[in-house]
Amino acid sequence: MPETLLEVDRVTLQYKTPMHLVTALYRVNFSVETSDRYVILGPSGCGKSTLLKAVGGFMSPVEGTLRIRGREINGPGPDRMMVFQDFEQLMPWKTVLQNVLFPMHVTNKFSGLLAKERAREILAKVGLTKFSDVYPHMLSGGMKMRVAIARAMALEPDI
């Protein structure tokens with residue numbers, strides 16, 4: 001029987017703007033098993049990104065709970081990696097390879113030669129082998145996004 005990876009239990013998410021209190025999601029329920037693949041689809045403003053920010057641990061529900069593998073989400077963690085498209089997320093003083101290695105070193109999930117081999121393997125998968133010693137300011141926007149994706153993939157997060 002598949003294990004429940006993500007459980008969203010009666011979750012309500014709200015955020016404030018200068019003029020309004022916005023309820024992005026209201027008492028949403030669903031679960032994702034380890035073998036499931038989901039697509040979150042909906043019109044602009046329906047709460048897709050807000051839900052992902054909550055799963056990432058970047059905001060808390062005002063009602064309900066979010067759990068990963070049975071543990072309540074109380075903040076960001078190495079079991080989840082998010083690649084956002086709306087801001088610069090690479091460290092400009094680190095090379096492409098160093099940016100991919102960073103979360104592996106910080107979490108101690110992979111270290112030393114294993115981490116470096118893993119980072120090079122992932123950079124090959126995203127087509128950036130030739131750019132491993134380049135700094136982010138020398139990359140196109142799409143290449144920066146692929147570095148961010150490689151960094152997320154290298155950590156082997158649950159989500």
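Given the structure is predicted, the values throughout are model-derived calculations rather than measurements. Positions are given from 1 along the sequence.
Among all heavy-atom pairs drawn from T107 and P78, the shortest one is CG2-CB, 3.6 Å. Among all heavy-atom pairs drawn from P92 and P136, the shortest one is O-CD, 3.8 Å. Summarising the geometry of Q89 relative to A148, their closest heavy-atom pair is CD-CB, 3.8 Å, with the distance given to 0.1 Å. The two atoms that bring F131 and L139 nearest to each other are CD2-CD2, 4.1 Å, heavy atoms only. Heavy atoms only, all atoms of each residue included: Y15 and A24 are closest at CE2-CB, 4.0 Å.
Rounded to the nearest 0.5 angstrom, I68 CD1 and I73 CD1 are separated by 4.0 Å. Between the NZ atom in K48 and the OG1 atom in T50 there is a gap of 9.0 Å [rounded to 0.5 Å]. Between the CZ atom of R10 and the CG atom of N29 there is a distance of 6.5 Å, given to the nearest 0.5 Å.
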In a table with atom names and distances, give each donor-acceptor pair under 3.5 Å that connects a side chain of residues 54-67 to protein atoms at least two apart or in another chain.
unit_1: E63; atom_1: OE1; unit_2: T12; atom_2: OG1; d: 2.8
unit_1: E63; atom_1: OE1; unit_2: R27; atom_2: NE; d: 3.1
unit_1: E63; atom_1: OE2; unit_2: R27; atom_2: NE; d: 3.2
unit_1: E63; atom_1: OE2; unit_2: R27; atom_2: NH2; d: 3.2
unit_1: T65; atom_1: OG1; unit_2: R67; atom_2: NH1; d: 3.2
unit_1: T65; atom_1: OG1; unit_2: R67; atom_2: NH2; d: 3.3

Report, one line per pair, each donor and acceptor closer than 3.5 Å where one atom sits in a side chain of residues 98-105; sequence neighbours left out.
unit_1: Q98; atom_1: OE1; unit_2: T95; atom_2: N; d: 2.8
unit_1: Q98; atom_1: OE1; unit_2: T95; atom_2: OG1; d: 3.4
unit_1: N99; atom_1: OD1; unit_2: M91; atom_2: N; d: 2.8
unit_1: N99; atom_1: ND2; unit_2: M91; atom_2: O; d: 3.1
unit_1: N99; atom_1: ND2; unit_2: K94; atom_2: O; d: 3.1
unit_1: N99; atom_1: ND2; unit_2: T95; atom_2: O; d: 3.1

**OP:** Dump the intermediate steps for side-chain contact (heavy atoms from CB on, under 4.5 Å) on E156 and F110, then the final yes or no.
**Re:** CA-CA 10 Å; E156 289 184 345; F110 301 96; 3.7 Å; yes
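Cluster partners of L41, using a side-chain heavy-atom cutoff of under 4.5 Å among ILVMFWY residues and allowing indirect links, are V39.
Counting heavy atoms from C-beta on, the side chains of R151 and V147 never come closer than 4.5 Å.
The salt bridge (Lys or Arg N to Asp or Glu O under 4.0 Å) analysis of residues 130-141, with sequence neighbours excluded, yields no pairs. Within the structure, side-chain hydrogen bond (donor to acceptor under 3.5 Å, both in side chains) pairs that include any residue of residues 69-78 comprise E3-R69, R69-D158, R71-D79 (at least two apart or interchain). Each salt bridge (Lys or Arg N to Asp or Glu O under 4.0 Å) pair with one or both residues in residues 135-147, not counting sequence neighbours, appears once here: E88-K144. For residues 96-107, no pair satisfies salt bridge (Lys or Arg N to Asp or Glu O under 4.0 Å), with sequence neighbours left out.
No path of Ile, Leu, Val, Met, Phe, Trp and Tyr side chains, each step under 4.5 Å between heavy atoms, connects L90 with W93, placing them in separate hydrophobic clusters. Note: the hydrophobic cluster containing Y26 does not contain V11 (ILVMFWY, side chain heavy atoms under 4.5 Å, direct or indirect links).
With sequence neighbours excluded, the residues that form a side-chain contact (heavy atoms from CB on, under 4.5 Å) with L113 are E117. With sequence neighbours excluded, the residues forming a side-chain contact (heavy atoms from CB on, under 4.5 Å) with H20 are T17, V22, listed by chain and number. V28 pairs by the side-chain contact (heavy atoms from CB on, under 4.5 Å) definition with V8, L25, F30, not counting sequence neighbours. Not counting sequence neighbours, T34 has no partner by the side chain to side chain donor-acceptor pair (under 3.5 Å) test. Applying the side-chain contact (heavy atoms from CB on, under 4.5 Å) test to M81 and every residue at least two apart in sequence or in another chain returns A152, L155, P157.
For the residue pair S31 and E7, no side-chain donor N or O sits within less than 3.5 Å of a side-chain acceptor on the partner.
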